[in-house]
Number of protein chains: 2
Amino acid sequence: MPPPAVAVSVDLVLLTLRAGRLCVLLTGRPDAEVWTLPGGFVDGDEDLDRAAARQLTRLTGVTSTGHLEQLRTYGGPHRGPRVSGVSVAYLALLPDLPGTVPSQAGPVWWRPVDEVELDGDAGTGRSRRSEQDLAPDHRRIVADGVERARAKLEYTPLAAAFCEDEFTLADLRRVYEAAWGVALDPPNFRRKVLSTPGFVVALGRRTSTRGGGRPAELYRRGMATALHPPLLRRSV
Amino acid sequence: MPPPAVAVSVDLVLLTLRAGRLCVLLTGRPDAEVWTLPGGFVDGDEDLDRAAARQLTRLTGVTSTGHLEQLRTYGGPHRGPRVSGVSVAYLALLPDLPGTVPSQAGPVWWRPVDEVELDGDAGTGRSRRSEQDLAPDHRRIVADGVERARAKLEYTPLAAAFCEDEFTLADLRRVYEAAWGVALDPPNFRRKVLSTPGFVVALGRRTSTRGGGRPAELYRRGMATALHPPLLRRSV
DNA sequence: ACAAAAGTGTTGTCAATACACCCATGT
DNA sequence: ACATGGGTGTATTGACAACACTTTTGT
């Protein structure tokens, strides 16, 4: 007998840093009462990675920069009533996009992930419910994506994906501080990053001072794909 | 218009330790000229994790012990001619099963993963091709699963999933040595494991000496879900 | 203008920790 | 032969102090 056929969609967890906070891109379809992750259906003969990259370009206009990787696949009845099929989630890390999102895909918003994590915490604490919460199944996908990103900062040089092509060590440090919610010692962070071969490469130039203070050296991301030893967060 | 429908299968990368080598379970369908990973199609309303667990039980008879997690989803034209749809791969870690595999699913074999990694290395080195190589797309899935397992040994107490309920520290050390292909210093390994809270708990009993030597203490797996700090392999 | 203060990035020091390597002992 | 216990030197890390360069503020 022929195998059962299922609808397969690719959904994106798009993370960036805005005003020192880790944010995720959400879309609000006009006919829906909750926010959702951007995504779309894929064909059976379509490469999943390529489908995800296409979604990313459609949403942001960016093509090569940043980072895009498969996160996890969600399926089955967990996804709620009237929703069937499986969803292949992808995680993308981007620098803060200039101005508003030039979306060709309807209304989109950047929302801080710590607010998303509070959605659905019925009862205690939260005084009022947002006008539009994130769909429960998508909330779990966001949580998984954020946890993946936090973990990957430890043992990969992926923090640079949140920065522009040229960045200072303070920029890089602020990525860790925003994602992990901790304060890092600037001298120690500097020593660690510079002593890891291939993490960053110095450009020999400095920032034209922005807002006061000593101009910082500029770096770009290096060739390394892993950090040895890793940059561990203190506790978990 | 309705979303395109796709065939979705769940495939298992089942790893175990046999004779000090990391091995993967392969199936040989009578009508196929290559080995494949065990798996099967899933329904759209079926929970993926549950489908994978069902496959695992069908193949090995085990139910609760060990470890099972989603690995990655593969899809698109990469999978080769005449193969369409997406495949959700799961990774399972098991202790060595007693005797032969009590499979209710046709012929199965345990194959050392280092041999699988050599499949398809056309040309150099390998003198003769195995009678049956692993299908190319499944070979990549195995490689991803092995790499995931090797990485997870570093920062989780998952090595115990390769052992029986009760094991010695030498058993646990041999898991790392087989998976990483390195020799570990027994005293240092012992110190590290015992100093990590929740990794193992002592049972206060000892092995009745097996094969000579001082009887070793018995342990079972602890409650910890992560290792802090991790047990890092030296290089990568 | 000039000097002082504050902000930011860089360099240096020291102690605590973790780890590799080795030796010794018990069964 | 193997499990276990202990010791030592080296590398990494955390905490903190000191310095360098720039803008802002006050007189």
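In what follows, chains carry the letters A, B, and so on, assigned in the order in which the sequence lines appear, proteins first and then strands, with residues in each chain numbered from 1.
- Residues B:Asp96 and B:Leu17 have side chains not in contact (no heavy-atom distance under 4.5 Å, counting atoms from C-beta outward).
- A 4.5 Å side-chain heavy-atom check between A:Trp180 and A:Glu154 finds at least one atom pair inside the cut-off.
- A straight line from CZ of B:Arg205 to P of D:dA3 spans 18 Å, rounded to a whole angstrom.
- Side-chain contact between B:Asp11 and B:Val88 is absent, with no heavy atoms from C-beta onward closer than 4.5 Å.
- Heavy atoms of B:Arg173 sit under 4.0 angstrom from primed sugar atoms or phosphate atoms, though from no base atom.
- When side chains are defined from C-beta on, B:Pro229 counts as touching A:Leu232, because their heavy atoms get closer than 4.5 Å.
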Look for any protein N or O under 3.5 Å of an N or O in nucleotides 4-8 of chain C and output each such pair with its distance, or none.
residue	atom	partner	partner atom	Å
C:dG7	N2	A:Arg214	N	3.1
C:dT8	O2	A:Arg214	N	3.2

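- Residues passing the salt bridge (Lys or Arg N to Asp or Glu O under 4.0 Å) test with A:Arg191, sequence neighbours excluded: none.
- With rounding to whole Å, A:Leu194 atom CG is found 9 Å from C:dT10 atom P.
- When atom types are taken as modelled, the side chain of A:Thr60 and the backbone of A:Thr57 share no donor-acceptor pair closer than 3.5 angstrom.
- The stretch residues 141-151 of chain A participates, sequence neighbours left out, in these side chain to side chain donor-acceptor pair (under 3.5 Å) pairs: A:Glu69-A:Arg148, A:Tyr74-A:Asp144, A:Glu147-A:Arg233.
- Rounded to whole angstrom, the span from the OH atom of A:Tyr219 across to the P atom of C:dG9 amounts to 12 Å.
- Remark: P of D:dA15 and CZ of A:Phe189 are 16 Å apart, rounded to the nearest angstrom.
- Listed by first and then second residue, the ring-ring contact (aromatic ring centres under 6.0 Å, His included) pairs involving residues 188-221 of chain A are A:Tyr176-A:Phe189 (not counting sequence neighbours).
- Between B:Leu184 atom CG and D:dC2 atom C1' the separation is 16 Å, expressed in whole Å.
- Listed by chain and number, the residues in a side chain to side chain donor-acceptor pair (under 3.5 Å) with A:Gln70 are A:Tyr90 (sequence neighbours excluded).
- For B:His228 and D:dT13, the NE2 to P distance is 16 Å, given to the nearest whole Å.
- Atoms CZ (B:Arg190) and P (D:dT4) sit 5 Å apart, rounded to a whole Å.
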Determine, for nucleotides 15-24 of chain C in 5'-to-3' order, which nucleotides have protein heavy atoms under 4.0 Å from the base (write B), from only the sugar-phosphate (write S), or from neither (write -). ----SBBB--
